[in-house]
Amino acid sequence: MAAERYDALKREKHWQTAWEERGIFRAFEDDPRPKYYVLEMFPYPSGRIHMGHVRNYTMGDVIARYMRAKGHNVLHPMGWDGFGLPAENAAIERGGHPAKSTYDNIAVMRDQLKGLGLSLDWTREFATCDLDYYHQQQRLFLDLLKAGLVDRKTRKVNWDPIDRTVLANEQVIDGRGWRSGALVEQREQPEWVFKITDYAEDLLQALGGLEHWPEKVRLMQANWIGRSEGLLVRFAIEGGAVPKDHDLIEVFTTRPDTLFGASFLAIAPDHPLAKAIAEENLDAAAFIDACHHHGTSAAALETQEKKGLDTGLRVLHPLIEGAELPVFIANFVVMEYGTGAIFGCPAHDQRDLEFARAEGLPVIPVVLPPGEDPKCFTIGEEAYTGDGTMINSGFLDGLTVAAAKDAVADHLAKTKLKGRPVGERHTQYRLRDWGISRQRYWGCPIPMIHCSSCGIVPVPESDLPVKLPGDVSFDRPGHPLDRHPTWKHVTCPRCGGAATRETDTMDTFVDSSWYFARFCSPKSGEPTDLKATGYWLPVDQYIGGVEHAILHLLYARFFTRAMLKTGHVAIDEPFRGLFTQGMVTHETYKDVHGKWLLPEEVTRKDGRQVHAKTGEPVTVGAVESMSKSKKNVVDPESIIGAYGADTARWFMLSDTPPERDIEWSAAGAEGAHRFLQRVWRLVGEAAVKGAALSAAKPSSFGPEAEALRRAAHRSVAAVTGAIEKLRFNTAVAQIYELANVLSACLQNAEPHVQSDTAYAVREAAELLVRIAAPMVPHLAEEAWARLGHETLIAEEPWPAPETALFLEETVTIAVQVNGKRRDELTIARDAAKEDIEAAALKLDNVVRAIGGRKIKKVVVVPQRIVNVVA
RNA sequence: GCGGACGUGGUGGAACUGGUAGACACACAGGACUUAAAAUCCUGUGGGGGAAACCCCGUCCGGGUUCGAGUCCCGGCGUCCGCACCA
């Protein structure tokens, strides 16, 4: 049979046009079907799509197409995370304007995505850098401001004195600016923050309700929020030269039970008290300065020795009459957590112990581990952090750790210091407020105005949008908005006097914190349309990289709550279902000179990898995530150009579970393509050998036809279940199996025979095409047409398996002797236990294995197994 | 250090709530078709023994529960991920 090859390149374009002309992926709210919102994390317009996008968007598309076939009204939109640093850096390095490069990139990537045949509603497309989008975002900002969710806080930032700009942490390399190489200074700078900490408890608690999120992500978020319960303790400063306005030190502790073992207090170098001391005390000033100059990288902190400076101040021990504790400034105490001050109990905290040993401070054990003798228990190099019984602790002696915590809290709550309780129960969170200020041009301007007489005032809503000026230059250091000749100069909306605009723009995480809501009504004159969001939200299935497990998802959860509070949505959790897919990896290659090589520069010769041009040997390195620096990248466009989009899609879904990293290989891509060609041939054969489209279903089927039908319907059921669970790799395997069965059947079939087999062949081919359609939609359309249909498969309902076929009359079960499989038995599926047992014991292999021993017991699990214990 | 996940052939991976381990694919080998190649199709493929029937071993290692463990429990080892002087 002259089977022509399927010309993916030509036909894919054709079907994409057909879908577009029919507008079948457009979503409308007035639809009686149940809604389903599938969303993949939208891309940053970097210029070209990469394999990670292909994987992400293919998965989302399978779900979208499947749910559509299942009778849902599906919303599947796409847009662009348009603002951000790379576009601005490109403008600085190569000239041009971020807006131009961004929109150029979007145009290219839109075409590339369209080439993948994704079932997207492109009429809803927008970019976050569109004036309309950031206009609405400025309105949201003002509403959040009114609702008390915006604050101004002083933050330490990385300041590059040469580029005169603030650097992100990842732009600081070894303490120097990534571009200028200048030593980065820590600067305190007022910044705009969103008060995410107001929702710390809610964001933590609500994680429990996110059943369709990966446990891993919920855990990461919980750890990030970092709730811990403890006690706030106020120590009165008594001895030493006490600076003005500092007569007590507040400390947060989770171990109030160890208070009797305290031997010092330590405050952070950035603690206000430390600063006050430094003004008088040169040693303290020098010490603090040294702390600032020590690297803040994780590695530097890791190896840093615990050092402190005795301030000479003394505080009163709140529980021991007359006892005093020295106050140190210590390098291991951070200002960012708790109160920036601790009390040190060396016996039961490793850090405190190391510090105490270095400073020669007493180490008094107060918790006795179970089974230890209080008379000889001492602390060596390791602090004891476990549970036990209180000792050396006055009224706490004999209590458990938990009881002692309560006893101290109760006691100190009643003790007063300057009219306030000495101890207060307190819940501390690691989560900090979300700083959204960026000293950058290419972002959403923060709509505020600084007036010398009125202070900071919001831009009136009627004056919005605050539009980014187009005429800016990037050829000089500094902030383009700040040095623009006219842009920032305005009149104060309150007093009419001269004032200046806020030149900070918003963190791009703000842009991505509500885009999913904007997709519901992308053209609305309001940020959101309550009717539209009420219909579509929450997102039923959100898919993206695990690298966004914490920040993006936490910010979006917060922002949704903020939008609820300000009346812009009616829900608090934006994403009902979340799936985090793995990365795309590839082997790495180096040539004889140790230079990285692109996969396309490497070829196989005599079973070895060699350089395609020179023939020189190539070193094959580790399989790693695709990255430009290691050159182990494959451009999706080259794959689509060579094999078509369906091949790339099929590969991405095959073999590897979607949450794991997938290794791209040329051989695998060829394999995927071969299979699609095979499906095309099978369908061609089935169109000839199978029954006519109009053929009636025979009233009965012979064994061969019955077996094919059973296999086909089993595959339908299995693929349905697999897609529902997002286990695309097993869905693919099921489709392979059905193709194998159909293929074997076609070998024996005669052309144009109107028989039960012919009917089963057509049915199996059609089912094969229909269940493969969400994954390889173009090929499926082509095959559907080849089978004589005039409809679009994209508009066909999902097939329902005939489950009655699964109930075979006989079943085959394994027969074990002493737990080892010895034979198998085919028997009526409803056979009685006794009959199964009798039949099993007659099997030759079973008799031999028993070897004349006495049968102690026979376990019979009908339809599953027989185990003879002898 | 804390928290979590994982460990199955040469490779990616299947195996639902404990019930025939290795589905399906990749790779490899042999064969058919062909003047030849490509493409396609067929066969084989965890290790060992055997002509075969079949037997022994086998899911990181060591124990345990059970008629039966890749799956459950305890103890190790290894790999990966997240967080980290968090008081």
Practice prompt. With rounding to the nearest 0.5 Å, note down the distance linking CZ in A:Phe264 to CZ in A:Phe343.
Written response: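 Output value for this atom pair is 10.0 Å.
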Fill in: All side chain to side chain donor-acceptor pair (under 3.5 Å) counterparts of A:Arg351, not counting sequence neighbours
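Here the qualifying residues are A:Asp349.
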Fill in: Contacts of A:Asn632 that satisfy side chain to side chain donor-acceptor pair (under 3.5 Å) - sequence neighbours left out
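For A:Asn632, no residue satisfies side chain to side chain donor-acceptor pair (under 3.5 Å) once neighbours in sequence are set aside.
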Worksheet item: Considering only heavy atoms, which members of residues 658-669 of chain A lie under 4.0 Å from some atom of RNA chain B?
Response: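 Correct list: A:Arg660, A:Ala667.
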Worksheet item: Among residues 861-870 of chain A, which contact RNA chain B at a heavy-atom distance under 4.0 Å?
Response: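 Correct list: A:Val861, A:Arg864, A:Ile865, A:Asn867, A:Val869.
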Worksheet entry | Stacked cation flag A:Lys306 on A:Phe355, 6.0 angstrom / 45 deg |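 A:Lys306 over A:Phe355 ring: no.
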Practice prompt. Tell me whether the guanidinium CZ or amine NZ of A:Arg430 lies under 6.0 angstrom from the six-membered ring centre of A:Trp224 and within 45° of its axis.
Written response: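 The answer is yes; both the distance and angle limits are met.
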Worksheet item: Tell me the side-chain hydrogen bond (donor to acceptor under 3.5 Å, both in side chains) pairs involving residues 262-272 of chain A, sequence neighbours left out?
Response: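 Qualifying pairs: A:Lys156-A:Asp270, A:Asp270-A:His292.
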Worksheet item: Under 4.0 Å between a side-chain N/O of A:Arg681 and OP1 or OP2 of B:C41, yes or no?
Response: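 Checking A:Arg681 against B:C41: at least one side-chain N or O falls below 4.0 Å of OP1 or OP2.
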Worksheet entry | OP1 or OP2 of B:C16 under 4.0 Å from side-chain N/O of A:Arg727 |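 Checking A:Arg727 against B:C16: no side-chain N or O falls below 4.0 Å of OP1 or OP2.
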Practice prompt. Report the nucleotide, chosen from B:C83, B:C26, B:C42, that has the shortest atom-to-atom distance to any side-chain atom of A:Gln747.
Written response: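 Shortest atom-to-atom distance from the side chain points to B:C42.
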Fill in: Among B:G3, B:C67, B:A87, the one nearest A:Ser228 by side-chain distance
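From the listed options, B:A87 comes nearest.
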Holding to salt bridge (charged side-chain N to carboxylate O under 4.0 Å, His left out), I want the full list of residues that pass it with [X], two or more places apart in sequence or in another chain.
{"X": "A:Glu659", "value": "none"}
{"X": "A:Asp406", "value": "A:Arg425"}
{"X": "A:Arg714", "value": "A:Glu808"}
{"X": "A:Glu424", "value": "A:Arg234"}

Practice prompt. Kindly indicate whether the side chain of A:Lys306 and the base of B:C85 share any N or O donor-acceptor pair separated by less than 3.5 Å?
Written response: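 It does, because a donor-acceptor pair links the side chain of A:Lys306 to the base of B:C85 below 3.5 Å.
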Discussion item. Please classify the glycosidic conformation of B:G9 as syn (within 90° of 0) or anti (everything else).
Written reply: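 Classified syn.
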Worksheet entry | Expected output: side-chain A:Thr339 to main-chain A:Glu250 donor-acceptor under 3.5 Å |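 The answer is yes, because a donor-acceptor pair under 3.5 Å joins these two groups.
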Fill in: Check: A:Cys345 main-chain N/O paired with A:Asp352 side-chain donor or acceptor under 3.5 Å
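Pair found, side chain donor or acceptor close to backbone of A:Cys345.
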Practice prompt. Could you state the atom-to-atom distance from CE of A:Met652 to P of B:G12 in whole Å?
Written response: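 Those two atoms, CE and P, are 18 Å apart.
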Worksheet item: What string of B, S and - do you get for nucleotides 52-64 of chain B 5' to 3' if you count protein non-hydrogen atoms under 4.0 Å?
Response: --SSSS-------
Protein-nucleotides 22-24 of chain B N/O pairs closer than 3.5 Å?
unit_1	atom_1	unit_2	atom_2	d
B:A23	O2'	A:Glu737	OE2	3.1

Please output the side-chain donor-acceptor pairs of residues 718-727 of chain A that fall under 3.5 Å, not counting sequence neighbours, one pair per line with the distance.
unit_1	atom_1	unit_2	atom_2	d
A:Thr720	OG1	A:Val716	O	2.6
A:Thr720	OG1	A:Trp798	NE1	2.9
A:Glu724	OE2	A:Tyr66	OH	2.5

